[in-house]
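Data first, discussion second: the structure below is written as structure tokens.
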Amino acid sequence: MARAFKKQTELVRFAAGTPGGARTTTVHLDSAYRKVTGLRIHEFSGGGLSFFEIGLEDSSGTLVDTESSEVYHYAPEKPWEPVDLSNHGQQLKVKTVLPSQPSGEVVYQIVFLLER
């Protein structure tokens, strides 16, 4: 029997010296799962920035407005940031907004909670 839930991860990386502004990373979610019900991030390196912003887009536009990356951090009392998005095998774009040029590498993992 197939699992009802699945966690899918995507590593996002920007080199030191990347100009500030919006950048997108394309993600292909498992089309066997019909919904995205949660998001979280694990920040490995902030590049010397006090924060950056993360949002989601698809071909029709914004799905989740950009918001401070701290909103999506894991906490035992709130392991997921709840979302309710359809997944029909389309490409999603993770939008990262760097407020300024990072002095070091920015690396984070975004985790999608998928549901059948």
Side-chain angles (χ1 to χ4, degrees):
M1 182 170 174
R3 297 182 299 177
F5 293 93
K6 175 182 180 177
K7 292 181 226 171
Q8 184 172 329
T9 63
E10 184 74 24
L11 189 67
V12 180
R13 181 183 305 252
F14 300 101
T18 298
R23 304 282 182 272
T24 58
T25 304
T26 303
V27 176
H28 302 276
L29 297 177
D30 187 337
S31 61
Y33 293 83
R34 293 297 184 199
K35 293 180 76 174
V36 180
T37 57
L39 298 171
R40 75 175 177 226
I41 72 160
H42 301 283
E43 186 177 320
F44 300 121
S45 173
L49 301 173
S50 58
F51 75 97
F52 50 90
E53 296 181 353
I54 298 172
L56 286 178
E57 299 177 345
D58 70 3
S59 59
S60 62
T62 300
L63 298 172
V64 177
D65 289 323
T66 57
E67 195 167 5
S68 172
S69 58
E70 294 181 359
V71 169
Y72 301 104
H73 284 176
Y74 171 83
E77 65 276 2
K78 187 179 176 189
W80 296 96
E81 179 66 22
V83 295
D84 184 14
L85 303 174
S86 295
N87 177 34
H88 300 293
Q90 77 274 24
Q91 294 181 2
L92 289 183
K93 293 181 182 171
V94 177
K95 183 176 183 179
T96 307
V97 180
L98 304 174
S100 60
Q101 185 177 42
S103 59
E105 193 174 39
V106 174
V107 182
Y108 70 90
Q109 181 183 61
I110 186 164
V111 184
F112 298 88
L113 181 60
L114 306 177
E115 183 178 337
R116 284 211 184 266

Would you check if [X] and [Y] make a side-chain contact, meaning some heavy-atom pair closer than 4.5 Å?
X	Y	result
Leu39	Leu56	yes
Val64	Tyr72	yes
Val94	Glu10	no
Ile41	Gln109	no
Thr96	Val12	yes

Nearest heavy-atom neighbours spanning [X] and [Y]:
X	Y	result
Ala16	Ser103	CB-O, 3.5 Å
Ala15	Pro102	O-CG, 4.0 Å
Ser69	Ile54	CB-CD1, 3.9 Å

ILVMFWY cluster membership beyond Phe44 - transitive side-chain contacts under 4.5 angstrom: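 Leu11, Val107, all in the cluster of Phe44.
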Chi angles and distances behind the side chain to side chain contact (heavy atoms under 4.5 Å, CB included) call for Val106, Thr18: CA-CA 9 Å; Val106 174; Thr18 298; over 6 Å; no
Joint hydrophobic cluster, Tyr108 plus Val83, side-chain heavy atoms closer than 4.5 Å: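 Same cluster.
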Spacing of [atom1] belonging to [X] relative to [atom2] belonging to [Y], to within rounding of 0.5 Å:
X	Y	atom1	atom2	value
Asp58	Gln91	CG	CD	10.5 Å
Glu115	Leu113	CD	CG	7.5 Å
Phe112	Asn87	CZ	CG	9.5 Å
Arg40	Ile110	CZ	CD1	11.5 Å

Test side-chain contact (heavy atoms from CB on, under 4.5 Å) applied to Phe52 and Glu43, Arg23, Glu70, the passing residue: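 When side-chain contact (heavy atoms from CB on, under 4.5 Å) is applied between Phe52 and each of Glu43, Arg23, Glu70, only Glu43 qualifies.
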Check: Glu53 main-chain N/O paired with Thr66 side-chain donor or acceptor under 3.5 Å: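 The answer is no, because no donor-acceptor pair under 3.5 Å joins these two groups.
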Exam field: side chain Gln101 to backbone Gly17, donor-acceptor pair closer than 3.5 Å: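 Checking the backbone N and O of Gly17 against the side chain of Gln101, a donor-acceptor pair under 3.5 Å is found.
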Side-chain donor-acceptor pairs of residues 26-38 under 3.5 Å, sequence neighbours excluded:
residue	atom	partner	partner atom	Å
Asp30	OD1	Ala32	N	2.9
Asp30	OD2	Lys6	NZ	2.7
Tyr33	OH	Arg3	O	3.4
Lys35	NZ	Asp84	OD1	3.1

Enclosure of Lys7 NZ (heavy-atom neighbours >12, cutoff 6.0 Å):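 Count not over threshold, so no.
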